[in-house]
Amino acid sequence: LEALAAATLCGVHLSRLAEELVIWTTPQFGFVRLSDAFSTGSSIMPQKRNPDAAELVRAKVGRLMGSFTQLTLVMKGLPLAYSKDMQEDKVPTFEAFDALELSLAAMTGMILDLEPSTERMAAAAGAGFSTATDLADWLVRTLDMPFRDAHHVTGAAVKRAEALGVDLPGLPLAELQALCQGITPAVFDVLTPAASAGSRRSFGGTAPDQVRMQAARWRERLS
């Protein structure tokens, strides 16, 4: 049961990652591209590439969870000793681990195969005023402004940027200073996605050195 529970949880993680790949390969996102080894053409739309491997990995968790649920129901009414009912553990367990092994192999192959579109991803990372919190944090950190006031100023800045049809980094300094006189040109140093990610330097944060450290940590642990 513990093995099937772990397999199910692993399958859930794989399924969620597969869902990301399914979404990211759509023309609307275009974040990554999978080769023909992990995608197939559509039977009706010649231009379409279906991420079949990701979709199948996404579905395999149903088999894993089904096996876990099946054995749980077998065990739930048994007395605390061996019963012949427990021979029913073999088929669901073997089926589950066959599915998990296939899912892990497929996901490993897709991760090695995919080609990221860094330009599309960078553009998306900076869209939707994604660095608004960084502006508020800068106001708190640099001007000793209470966060509730910084939140209000940032909201006004976003509203003004929307009116001008620009994102926060494109908002003129004069416009920002009209909302808060203490704002200086240094504020633009925190308004890019790269600066936003780089500023999170605590353990497990998004700063590149932290990401590299976590990657190295897990590579060592999993080896």
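Just so it is clear, the model here is predicted, and its values are computed rather than measured.
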Legend entry - D134/R200 under salt bridge (charged side-chain N to carboxylate O under 4.0 Å, His left out): CA gap, chis, key distance, verdict: CA-CA 10 Å; D134 297 273; R200 272 70 179 180; 2.5 Å; yes
Legend entry - Check ion pair D85-K76 (N to O, under 4.0 angstrom): no
Legend entry - E95/D98 under side chain to side chain contact (heavy atoms under 4.5 Å, CB included): CA gap, chis, key distance, verdict: CA-CA 5 Å; E95 285 185 346; D98 285 344; 5.7 Å; no
Inset, instruction - Look only at the side chain of S202 and the backbone of G205, and say whether a donor-acceptor pair between them is shorter than 3.5 Å. - result: no
Legend entry - Presence of salt bridge, R58 and E19, under 4.0 angstrom: yes
Legend entry - Expected output: side-chain T154 to main-chain H151 donor-acceptor under 3.5 Å: no
Inset, instruction - May I ask whether L179 and L135 are part of the same hydrophobic cluster, defined by side-chain heavy atoms of I, L, V, M, F, W, Y residues being less than 4.5 angstrom apart, directly or through others? - result: yes
Legend entry - Inter-residue atom distance Q214.CD - D209.CG, 0.5 Å rounding: 10.5 Å
Legend entry - side chain to side chain contact (heavy atoms under 4.5 Å, CB included) evaluation trace for K60 with L104: CA-CA 11 Å; K60 288 297 182 184; L104 287 167; over 6 Å; no
Inset, instruction - Spell out, as yes or no, whether a donor-acceptor pair under 3.5 Å connects the side chain of R160 to the backbone of L171. - result: no
Legend entry - Verdict with reasoning, L17 to I111, per side chain to side chain contact (heavy atoms under 4.5 Å, CB included): CA-CA 10 Å; L17 181 54; I111 295 300; 4.3 Å; yes
Legend entry - Minimum-distance pair of heavy atoms, taken over all atoms of D167 and G128: OD2-N, 4.1 Å
Inset, instruction - Mind checking the CZ-OG1 spacing from F31 to T118? Nearest 0.5 Å is all I need. - result: 11.5 Å
Legend entry - L173 with V153, same ILVMFWY side-chain cluster at under 4.5 Å: yes
Inset, instruction - Among L100, L9, L64, find the one that has a side-chain contact (heavy atoms from CB on, under 4.5 Å) with L14. - result: L100
Legend entry - Over all atoms of both residues, closest heavy-atom pair of A99 and R63: CB-CD, 3.7 Å
Inset, instruction - For residues F97 and A7, report the shortest heavy-atom separation together with the two atoms involved. - result: CZ-CB, 4.0 Å
Legend entry - Cluster overlap F147 with L168, hydrophobic side-chain contacts below 4.5 Å: no
Legend entry - Value rounded to 0.5 Å, distance of OG in S15 from CD in E55: 11.5 Å
Inset, instruction - Nearest 0.5 Å please: distance from the CG atom of L56 over to the CZ atom of F38. - result: 12.0 Å
Inset, instruction - Measure the spacing between CD of Q210 and CZ of R201 and express it to the nearest 0.5 Å. - result: 7.0 Å
Legend entry - Taking every non-hydrogen atom, the tightest pair across L4 and P92: CD2-O, 4.2 Å
Inset, instruction - Please name all residues satisfying side chain to side chain contact (heavy atoms under 4.5 Å, CB included) with A150, sequence neighbours left out, ordered by chain then number. - result: A136, L139, V140, M145
Inset, instruction - Give a yes or no on whether the backbone of F29 and the side-chain of R120 come within a donor-acceptor separation of less than 3.5 Å. - result: yes
Inset, instruction - Report the residue from T131, T133, T184 that forms a side-chain contact (heavy atoms from CB on, under 4.5 Å) with W138. - result: T184
Inset, instruction - In sequence, state the C-alpha distance, the side-chain angles, and the governing distance for T25 and R49, and then conclude on side chain to side chain contact (heavy atoms under 4.5 Å, CB included). - result: CA-CA 9 Å; T25 55; R49 297 168 63 89; over 6 Å; no
Legend entry - Same apolar cluster (I L V M F W Y, side chains within < 4.5 Å links), M110/L102: no
Legend entry - Whichever hydrophobic residues join W218 through chains of side-chain contacts under 4.5 Å: L222
Legend entry - Non-hydrogen atoms of V32 and L114 that approach each other most closely: CG1-CD1, 4.0 Å
Legend entry - Rounded distance [0.5 Å steps], CD in Q181 versus CG in L143: 11.5 Å
Legend entry - Heavy-atom donor-acceptor pair, D113 side chain to S35 backbone, under 3.5 Å: yes
Legend entry - Over all atoms of both residues, closest heavy-atom pair of V57 and A106: CG2-CB, 3.8 Å
Inset, instruction - Kindly work out whether a path of hydrophobic side-chain contacts (I/L/V/M/F/W/Y, heavy atoms less than 4.5 Å apart) joins V190 to I183. - result: yes
Inset, instruction - For Q87, enumerate each residue passing the side chain to side chain contact (heavy atoms under 4.5 Å, CB included) test, keeping only those at least two apart in sequence or located in another chain. - result: Y82, K84
